[in-house]
Visitor: 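I'd like to ask some things about the structure below.
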Protein chains: 2
Amino acid sequence: MATEQKPASPPLTERQEARRRRILHASAQLASRGGFDAVQMREVAENSQVALGTLYRYFPSKVHLLVATMQDQLQQMHETLRKRPPAAQAPSARVAETLMRAFRALQREPQLADAMLRALTFADRSVSPEVDTVSRLTTAIILDAMRLPGPPTAEQLSAVRVIEHTWHSALVTWLSGRASIAQVKIDIETVCRLIDLTASE
Amino acid sequence: MATEQKPASPPLTERQEARRRRILHASAQLASRGGFDAVQMREVAENSQVALGTLYRYFPSKVHLLVATMQDQLQQMHETLRKRPPAAQAPSARVAETLMRAFRALQREPQLADAMLRALTFADRSVSPEVDTVSRLTTAIILDAMRLPGPPTAEQLSAVRVIEHTWHSALVTWLSGRASIAQVKIDIETVCRLIDLTASE
DNA sequence: AGCGAGTCTGAAACTTGTTCTAGATTAGCG
DNA sequence: CGCTAATCTAGAACAAGTTTCAGACTCGCT
């Protein structure tokens, strides 16, 4: 299995790659300040020194842009986790530890988290491929944390799916102020018990 | 415990109550047709024979309106379920049956479901009270399905929270075309196993 | 160096959510 | 009934996402 790669339609030139980075950087920066609403397309264009039309050529909508931003952040998180993998004994505990670590990272940039997650859950069918990429990245992170000896069973994949659902939804309730940090922790720990369930059967 | 009731700030006159109903009806109707995007505030106002400013007096934003629409629909679902409660033996199976029944109802109006769920997950802090009401309604429906002998334990409440997370998120992935109906069914059944876990400990 | 296709820019226009305003209407009350 | 405050209406105005367009620029190629 090769390292994850996009279809990579036409390979971008260097300047294009640079533009893309500037855009993503500006997006993340504005998001960090004021969350979803603060990421205004005109301002992203200005801050990344790109015309509005160009911005839209690179990212066909605000949601596309923010989902791409999330991909970026997740990728980094994945790297970080690879370097310092979770230490707990049980697979379920390792997954919980991993997610709590990610959660703590998000707490440091709650506005950025807001922007990315709102975009992710608001995305419609036109963003499905990109959202799917985020989903696959998340799955990869969780499976890494489980450190299975072999390929995951169907049951384990189901458990992972449910964990992802809970993860996303719990974050949303936290971001909208309807759940405390402690509550999210409990939810994560609760859902991770599903993993133990699949191990024993 | 009395039947659920809002703070009911100033009691509405009859005509005001009628206006509110017309608005909610127009909202649901437009949503059924074209989903979230088709619910346009100007059109809702027109179809419910109310000025735009009045619409905004009743519902301070599009998201408020759609979340209120969801409250309405959930209320009805709750009634329906009361009349024909789930028949399965195990509590977890009853919950799964209930959610699958609700899911089938949503499948009949996928566009309406889209509008309501997108609004629900997109809602920011200003809509928290209303979203919370939806959450409490959902919790009530699930607890009803469990038919516990006494009040739920903390553990059981956690399981219910996780079920709700999964329920919402699974619906979102279905609506955005990233998961099949069968997949949602599996996810629901998977997460419902958490209930069995809390029963035995 | 010069050409053609594709890309980028700057600016205006369009759409839809939201706010504002001035004037009618209505509800509740003496 | 007649008054007053609150509510409602019609419509303009504003904000931000998205689209469009004419002209300038860049890239890959010969």
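Per chain, numbering begins at 1; letters A, B, ... match sequence-line order. Predicted, not measured: the structure shown is a model, and the values here were computed from it.
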Visitor: Measuring from the side chain of B:Ser61 (C-beta onward, heavy atoms only), which nucleotide among C:dT18, D:dT18, C:dG10 has the closest atom?
Guide: C:dT18
Visitor: Looking at B:Lys83 and B:Glu79, is any side-chain nitrogen of the basic one under 4.0 Å from a carboxylate oxygen of the acidic one?
Guide: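 Here B:Glu79 does not pair with B:Lys83 in a salt bridge, since their nearest N and O are not under 4.0 Å apart.
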Visitor: Does C:dG6 have its OP1 or OP2 closer than 4.0 Å to a side-chain nitrogen or oxygen of A:Gln16?
Guide: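 Indeed not, no polar side-chain atom of A:Gln16 lies that close.
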Visitor: When all nucleic acid strands are considered with a 4.0 Å heavy-atom cut-off, which category describes A:Gln49: base, sugar-phosphate, or nothing?
Guide: sugar-phosphate
Visitor: Regarding B:Glu46, tell me which of base, sugar-phosphate or nothing describes its non-hydrogen contacts under 4.0 Å with the strands shown.
Guide: nothing
Visitor: Enter the distance from B:Thr98:OG1 to B:Asp144:CG here, rounded to the nearest 0.5 Å.
Guide: 8.5 Å
Visitor: Is it the case that the side chain of B:Gln156 and the backbone of B:Thr153 share a donor-acceptor pair, with hydrogens and angles ignored and the cut-off at 3.5 Å?
Guide: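 Answer holds: yes.
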Visitor: Listed in order of residue number, which residues of residues 27-36 of chain B have a non-hydrogen atom at under 4.0 Å from DNA chain C?
Guide: none
Visitor: Across the strands shown, which category fits A:Tyr58 at heavy-atom distances under 4.0 angstrom: base, sugar-phosphate, nothing?
Guide: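 Counting heavy atoms under 4.0 Å across all strands, the contact made by A:Tyr58 is with sugar-phosphate only.
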Visitor: Does the distance from a Lys or Arg side-chain N to an Asp or Glu carboxylate O, for A:Arg193 and B:Glu155, drop under 4.0 Å?
Guide: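 Looking at A:Arg193 and B:Glu155, the cut-off is met.
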Visitor: May I ask you to check whether B:Phe36 and B:Phe122 place their ring centres under 6.0 Å from each other?
Guide: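 They do not qualify: ring centres at least 6.0 Å apart.
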Visitor: Nearest whole angstrom, please: distance from the P of D:dT7 to the CD of B:Glu17.
Guide: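 Distance check: B:Glu17 CD to D:dT7 P gives 15 Å.
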Visitor: Say whether, by atom type as modelled, one donor and one acceptor occur between the side chain of A:Lys62 and the main chain of A:Val39 under 3.5 angstrom.
Guide: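 Checked: pair present.
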Visitor: Can you figure out which of C:dC8, C:dT9, D:dT18 approaches the side chain of A:Arg19 most closely?
Guide: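 Output: C:dC8.
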Visitor: Please enumerate all residues that pass side-chain hydrogen bond (donor to acceptor under 3.5 Å, both in side chains) together with B:Arg94, with sequence neighbours excluded.
Guide: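 Applying side-chain hydrogen bond (donor to acceptor under 3.5 Å, both in side chains) to B:Arg94 gives none.
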Visitor: Scan A:Val39 against the nucleic acid and name what it touches under 4.0 Å (heavy atoms): base, sugar-phosphate only, or nothing.
Guide: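 Sugar-phosphate, no base atom in range.
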Visitor: For D:dT9, does the base pair up with any side-chain atom of B:Arg57 as donor and acceptor (N or O, under 3.5 Å, distance only)?
Guide: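 Looking at the base of D:dT9, it does not pair with any donor or acceptor on the side chain of B:Arg57 (distance under 3.5 Å).
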Visitor: If you look only at distance, which donor and acceptor atoms sit under 3.5 Å apart when one is on a side chain in residues 47-59 of chain B and the other is two or more places apart or in another chain?
Guide:
{"residue": "B:Ser48", "atom": "OG", "partner": "B:Val44", "partner atom": "O", "Å": "2.5"}
{"residue": "B:Ser48", "atom": "OG", "partner": "B:Ala45", "partner atom": "O", "Å": "3.4"}

Visitor: Measuring from atom CD1 of A:Ile141 to atom CZ of A:Arg136, what distance do you get when rounded to the nearest 0.5 angstrom?
Guide: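 One finds 13.5 Å between CD1 of A:Ile141 and CZ of A:Arg136.
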Visitor: Do the side chain of A:Arg42 and the base of D:dT18 come within less than 3.5 angstrom through a donor-acceptor pair of N or O atoms?
Guide: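 It does, because a donor-acceptor pair links the side chain of A:Arg42 to the base of D:dT18 below 3.5 Å.
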Visitor: Between A:Ser169 and A:His165, is there a donor-acceptor pair closer than 3.5 Å when you use the side chain of the first and the backbone of the second?
Guide: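 Checked: no pair found.
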Visitor: Can you measure from CG (A:Leu175) to CZ (B:Arg125) and round to the nearest 0.5 angstrom?
Guide: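 Between A:Leu175 CG and B:Arg125 CZ, I get 8.0 Å after rounding to 0.5 Å.
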Visitor: What parts of residues 117-131 of chain B reach DNA chain D, counting only heavy atoms under 4.0 Å away?
Guide: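 Within residues 117-131 of chain B, no residue comes under 4.0 Å of DNA chain D.
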Visitor: Taking CD from B:Glu14 and P from C:dT26, how many angstroms apart are they, rounded to a whole number?
Guide: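 In whole Å, C:dT26 P lies 15 Å from B:Glu14 CD.
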Visitor: So if I define the base as every atom that isn't primed, P, OP1 or OP2, how would nucleotides 19-30 of chain D read as a B/S/- string at a heavy-atom cutoff under 4.0 Å?
Guide: B------SS---
Visitor: With side chain to side chain donor-acceptor pair (under 3.5 Å) as the rule and sequence neighbours excluded, what pairs involving residues 22-46 of chain B come up?
Guide: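 Those involving residues 22-46 of chain B are B:Ser27-B:Thr69.
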Visitor: Between atom CG in B:Asp37 and atom P in D:dT18, what is the gap in whole Å?
Guide: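 From B:Asp37 CG to D:dT18 P: 11 Å.
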Visitor: Give the nucleotide from the list D:dG17, C:dT18, D:dC8 with an atom nearest to the side chain of B:Lys62.
Guide: C:dT18
